[in-house]
Amino acid sequence: QVQLVESGGGLVQAGGSLGLSCAASGRIFAANAMGWYRQAPGNERELVATISYGGTTNYADSVKGRFTVSRDNAKNTVYLQMNSLKPEDTAVYYCYAYLRPSGSGQIFGDYWGQGTQVTVSS
């Protein structure tokens with residue numbers, strides 16, 4: 001069974017930095033896009049950043065220049081380095097992967113982590 005296990009997050013003051021990581025565990029045939037979404041109270045879940053297997057990145061305008069997404073394909077792990085954090089970055093951050101588990105009959109699908117809280121105080 002494939003799972004996405006997140007680590008990192010927590011409480012930080014505005015202007016500070018935090019790092020998140022997310023490892024896909026289980027028998028995985030291939031992981032294509034991986035990345036991060038976030039959801040603040042009362043808001044819909046929104047894209048933060050994604051990265052393709054080849055390293056092509058995509059960022060929300062609100063985080064460009066402050067956040068960096070990266071991945072280790074050998075470890076099926078994606079990272080998010082968050083700098084110059086703002087109170088409006090406060091949200092639950094969810095890891096995402098579009099991957100195919102190993103085994104016959106398996107197909108690519110969307111997988112999500114359990115979410116980790118990031119709180120930025122002013």
Side-chain angles (χ1 to χ4, degrees):
Q1 183 176 357
V2 173
Q3 288 185 316
L4 301 186
V5 181
E6 300 155 347
S7 60
L11 174 65
V12 66
Q13 289 188 331
S17 298
L18 278 177
L20 305 179
S21 64
C22 171
S25 64
R27 298 177 64 228
I28 298 169
F29 177 79
N32 285 355
M34 300 184 76
W36 298 90
Y37 285 70
R38 68 186 180 187
Q39 186 168 18
N43 292 353
E44 294 185 352
R45 190 173 297 188
E46 63 177 7
L47 179 144
V48 176
T50 60
I51 182 168
S52 70
Y53 183 87
T56 300
T57 57
N58 179 47
Y59 294 95
D61 288 343
S62 60
V63 307
K64 283 180 181 177
R66 301 188 298 121
F67 291 11
T68 301
V69 63
S70 60
R71 64 187 286 173
D72 183 333
N73 290 331
K75 297 180 179 179
N76 288 320
T77 299
V78 62
Y79 307 94
L80 185 68
Q81 179 61 38
M82 304 180 288
N83 298 328
S84 302
L85 282 160
K86 305 175 181 180
E88 50 263 44
D89 294 317
T90 295
V92 176
Y93 283 69
Y94 295 92
C95 174
Y96 164 80
Y98 183 67
L99 61 82
R100 177 188 166 188
S102 297
S104 61
Q106 296 292 334
I107 61 174
F108 280 95
D110 297 326
Y111 289 80
W112 295 91
Q114 78 282 2
T116 185
Q117 178 70 46
V118 171
T119 302
V120 184
S121 63
S122 58

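Any value given below was found using the heavy atoms of this structure, including those in side chains, with hydrogens, waters and symmetry copies removed.
Using bins of under 30°, 30° to 60° and over 60° for the plane-to-plane angle, the ring pair Phe67/Tyr93 lands in the tilted bin.
With hydrogens and angles disregarded, a donor-acceptor distance shorter than 3.5 Å links the side chain of Tyr59 to the backbone of Val69. Judged purely by atom type and a 3.5 angstrom limit, Thr116 uses its side chain to pair as donor or acceptor with the backbone of Gly8.
Atom-to-atom distance recorded for Asn32:CG and Leu99:CG is 8.5 Å, nearest 0.5 angstrom. In this structure, Trp36 CH2 and Ser21 OG are separated by 6.5 Å, a value rounded to the nearest 0.5 Å. To the nearest 0.5 Å, atoms CD1 (Ile28) and CD (Gln3) are separated by 10.5 Å.
Taking 4.5 Å as the limit, some side-chain heavy atom of Leu20 sits within range of a side-chain heavy atom of Met82. Contact of the Tyr111 side chain with the Pro101 side chain is registered, since non-hydrogen atoms from C-beta on lie closer than 4.5 Å.
One hydrophobic cluster, built from ILVMFWY side chains closer than 4.5 Å, holds both Met34 and Val48.
In terms of the salt bridge (charged side-chain N to carboxylate O under 4.0 Å, His left out) criterion, residue partners of Lys64 (sequence neighbours excluded) are, by chain and number, Asp61. Taking Tyr98 as the reference, Phe108 meet the ring pair (Phe, Tyr, Trp, His ring centres under 6.0 Å) condition, with sequence neighbours excluded.
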Check your understanding: Could you go step by step and tell me if Arg38 and Glu46 meet the side chain to side chain contact (heavy atoms under 4.5 Å, CB included) rule?
Key -> CA-CA 5 Å; Arg38 68 186 180 187; Glu46 63 177 7; 2.7 Å; yes
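Relative to the six-membered ring of Phe29, Arg100 meets both conditions, a distance below 6.0 Å and an angle of at most 45° to the axis.
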